[in-house]
Asker: 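This is the structure I have questions about; it appears just below.
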Amino acid sequence: MQKKKIIEAMKNVYFQKMTKSGYKEIEDEIAKLQAQRPAKIEQLKAARALGDLSENTEYSTAKRELRHLESRLRWLNKQLQYSEIVTPESANEVDLGTKVTLRFEDDEDVTTYEIVGKQEADIAKQKVSFDSPLGRAIMHQSEGATVTVEAPQASYEVTIQKIELS
């Protein structure tokens with residue numbers, strides 16, 4: 001039993017939790033970058049053929065762009081390698097992959113957010129990380145719960161109005 005607890009603790013340290021859609025977005029970006037790679041290699045070859053490499057701006061630019069593309073591919077592949085896809089089992093409580101409608105008590109503003117992994121968070125798309133101050137405060141709470149969010153600048157209260165599977 002102790003060994004099982006240790007393995008679970010290790011998973012929490014080494015694996016990035018994410019939604020299925022977040023995993024798919026990374027796969028799509030990898031495919032897009034891999035499709036661009038041959039063209040970047042050709043640009044580098046063409047720039048190298050121009051001659052003197054020490055003063056060849058096209059060569060330096062093509063080399064930098066290819067290095068950036070390959071670096072991004074390595075990083076994205078590591079994200080997938082160390083990811084754990086979390087699928088919510090029910091809409092009874094807030095969890096990774098659920099959509100939550102919140103009422104902010106200070107101004108009575110109502111907003112719906114999707115709870116996602118750290119690397120998927122994008123407030124412009126209404127995606128909040130489970131590890132953000134708001135995410136931590138509402139995780140594993142039920143509809144109707146009012147919780148206090150401890151943000152760096154101030155604390156505020158939100159009420160969970162609705163939870164649904166995304």
Side-chain angles (χ1 to χ4, degrees), residues 1-91 93-100 102 111-141 149-153 163-166:
M1 190 63 164
Q2 185 67 17
K3 185 177 181 180
K4 193 173 189 177
K5 287 181 182 179
I6 292 171
I7 291 171
E8 284 301 312
M10 297 291 281
K11 282 176 99 174
N12 290 336
V13 172
Y14 292 109
F15 289 95
Q16 296 277 345
K17 292 182 179 183
M18 69 173 59
T19 63
K20 191 173 183 176
S21 64
Y23 192 91
K24 175 84 168 95
E25 285 176 19
I26 293 174
E27 285 181 324
D28 292 345
E29 186 175 351
I30 288 172
K32 180 180 149 198
L33 291 173
Q34 286 175 333
Q36 293 174 0
R37 191 170 183 275
K40 297 284 184 192
I41 291 171
E42 285 304 314
Q43 285 176 342
L44 183 63
K45 285 180 183 177
R48 177 178 274 172
L50 294 175
D52 186 11
L53 299 182
S54 63
E55 296 180 19
N56 189 335
T57 308
E58 290 85 3
Y59 176 76
S60 299
T61 301
K63 188 174 177 182
R64 187 175 334 111
E65 287 176 0
L66 181 60
R67 251 193 334 250
H68 176 72
L69 182 138
E70 289 177 343
S71 173
R72 180 77 178 155
L73 278 171
R74 279 191 304 278
W75 187 83
L76 291 169
N77 279 311
K78 289 282 186 196
Q79 293 297 305
L80 293 185
Q81 181 180 359
Y82 293 107
S83 67
E84 175 186 358
I85 297 173
V86 177
T87 306
E89 296 176 10
S90 74
E93 65 179 29
V94 178
D95 201 356
L96 198 71
T98 57
K99 285 191 177 180
V100 185
L102 302 172
T111 308
T112 301
Y113 294 106
E114 182 179 0
I115 308 302
V116 297
K118 295 176 194 177
Q119 63 282 0
E120 301 171 74
D122 185 350
I123 199 69
K125 294 180 180 177
Q126 305 298 97
K127 293 182 175 187
V128 174
S129 168
F130 73 93
D131 200 34
S132 67
L134 177 60
R136 281 193 303 261
I138 64 175
M139 281 296 284
H140 307 295
Q141 299 290 330
V149 179
E150 298 294 336
Q153 299 297 319
I163 303 169
E164 57 188 322
L165 298 175
S166 32

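Everything numeric in this text was worked out from a predicted model, so none of it was measured. Only heavy atoms go into these numbers, but all of them, side chains included; no hydrogens, no water, no symmetry mates.
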Asker: Atom NZ of Lys78 and atom CD of Gln16: how far apart are they, to the nearest 0.5 Å?
Answerer: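 Interatomic distance, Lys78 NZ to Gln16 CD, rounded to 0.5 Å: 13.0 Å.
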
Asker: At their closest point, which heavy atom of Gln81 faces which heavy atom of Phe15, and how far apart are they?
Answerer: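 Nearest heavy atoms, Gln81 then Phe15: O-CE2, 4.2 Å.
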
Asker: Atom CZ of Arg48 and atom OH of Tyr59: how far apart are they, to the nearest 0.5 Å?
Answerer: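 The OH atom of Tyr59 is 4.0 Å from CZ of Arg48, to the nearest 0.5 Å.
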
Asker: Could you check if a side-chain atom of Thr112 sits within less than 4.5 angstrom of a side-chain atom of Gln126, using non-hydrogen atoms only?
Answerer: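 In short, these two side chains do not touch, never coming nearer than 4.5 Å.
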
Asker: Might you point out which heavy atoms bring Leu33 and Leu69 nearest each other, and give the distance in Å?
Answerer: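 Minimum heavy-atom contact is O-CD1, 3.7 Å.
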
Asker: Taking the side chain from Ser83 and the backbone from Leu80, do they hold a donor-acceptor pair closer than 3.5 Å?
Answerer: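 At least one qualifying donor-acceptor pair exists.
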
Asker: Could you tell me whether a side-chain N or O of Thr61 sits under 3.5 Å from a main-chain N or O of Glu58, the two making a donor and an acceptor?
Answerer: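 It does not hold such a pair.
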
Asker: Please assess Leu102 against Tyr113 for the test side chain to side chain contact (heavy atoms under 4.5 Å, CB included), listing each intermediate value before the final yes or no.
Answerer: CA-CA 8 Å; Leu102 302 172; Tyr113 294 106; 3.9 Å; yes

Asker: Start with the C-alpha gap between Ile30 and Gln34, add the side-chain angles, then the distance that decides, and say whether side chain to side chain contact (heavy atoms under 4.5 Å, CB included) holds.
Answerer: CA-CA 6 Å; Ile30 288 172; Gln34 286 175 333; 3.7 Å; yes

Asker: Rounded at 0.5 Å granularity, tell me how far CD in Gln79 sits from CD in Glu29.
Answerer: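 Between atom CD of Gln79 and atom CD of Glu29 there are 10.5 Å.
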
Asker: With respect to Thr19, which candidate in Glu114, Glu25, Glu120 satisfies the side-chain hydrogen bond (donor to acceptor under 3.5 Å, both in side chains) definition?
Answerer: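 Single pass found, and it is Glu120.
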
Asker: Test side chain to side chain contact (heavy atoms under 4.5 Å, CB included) on Leu66 and Ile41; report intermediate values, then the result.
Answerer: CA-CA 7 Å; Leu66 181 60; Ile41 291 171; 4.0 Å; yes

Asker: Start with the C-alpha distance between Lys99 and Ile163, add both sets of side-chain angles, then the distance that settles side chain to side chain contact (heavy atoms under 4.5 Å, CB included), and finish with yes or no.
Answerer: CA-CA 6 Å; Lys99 285 191 177 180; Ile163 303 169; over 6 Å; no

Asker: Would you say Val100 and Ile115 make side-chain contact, with heavy atoms under 4.5 Å?
Answerer: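 Sidechains of Ile115 and Val100: in contact.
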
Asker: Would you say the side chain of Leu96 lies within less than 4.5 Å of the side chain of Thr87, judging by non-hydrogen atoms?
Answerer: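 No, their side chains stay 4.5 Å or more apart.
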
Asker: How close do Gln119 and Lys17 get, heavy atom to heavy atom, and via which atoms?
Answerer: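 What the structure gives for the nearest pair is NE2-O, 3.7 Å.
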
Asker: Say you draw a straight line from CZ of Arg72 to CD of Gln36; how long is it, rounded to the nearest 0.5 Å?
Answerer: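 Those atoms lie 11.5 Å apart.
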
Asker: Determine the minimum heavy-atom distance between Ala151 and Pro133, stating which atoms define it.
Answerer: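 Answer, listing the atom of Ala151 first, then Pro133: CA-CB, 4.1 Å.
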
Asker: Check this for me: Arg37, atom CZ, are more than 12 non-hydrogen atoms of other residues, nucleotides or ligands nearer than 6.0 Å?
Answerer: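 Counting neighbours around CZ of Arg37, 12 or fewer heavy atoms of other residues, nucleotides or ligands fall under 6.0 Å, so no.
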
Asker: Can you sort out the partners of Glu150 under salt bridge (Lys or Arg N to Asp or Glu O under 4.0 Å), two or more places apart, ordered by chain and number?
Answerer: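 Checked Glu150 against salt bridge (Lys or Arg N to Asp or Glu O under 4.0 Å); zero matches.
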
Asker: Atom CD of residue position Glu89 - does it have more than 12 heavy atoms of other residues, nucleotides or ligands inside 6.0 Å?
Answerer: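 Open.
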
Asker: Run the salt-bridge test on Lys118 and Asp131 with the 4.0 Å N-O cut-off and return the result as yes or no.
Answerer: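 Salt bridge present between Lys118 and Asp131.
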
Asker: Roughly how far, to the nearest 0.5 Å, is CZ of Arg64 from CZ of Arg67?
Answerer: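 Here the interatomic distance stands at 7.5 Å.
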
Asker: Quick test of your reading of the model: are Asp28 and Lys32 salt-bridged, counting only N-O distances below 4.0 Å?
Answerer: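 A salt bridge is absent here (no side-chain N lies under 4.0 Å from a carboxylate O).
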
Asker: Please report the shortest heavy-atom distance between Val94 and Ile138, naming the atom on each side.
Answerer: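 Scanning both residues completely, I find the closest heavy atoms to be CB-O, 3.2 Å.
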
Asker: Could you tell me if the side chain of Thr98 sits less than 4.5 Å from the side chain of Leu165, heavy atoms only?
Answerer: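 Side chain of Leu165 against side chain of Thr98, heavy atoms only: contact under 4.5 Å found.
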
Asker: When rounded to the nearest 0.5 angstrom, what is the spacing between CE in Met139 and CD in Gln141?
Answerer: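 Here the interatomic distance stands at 10.0 Å.
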
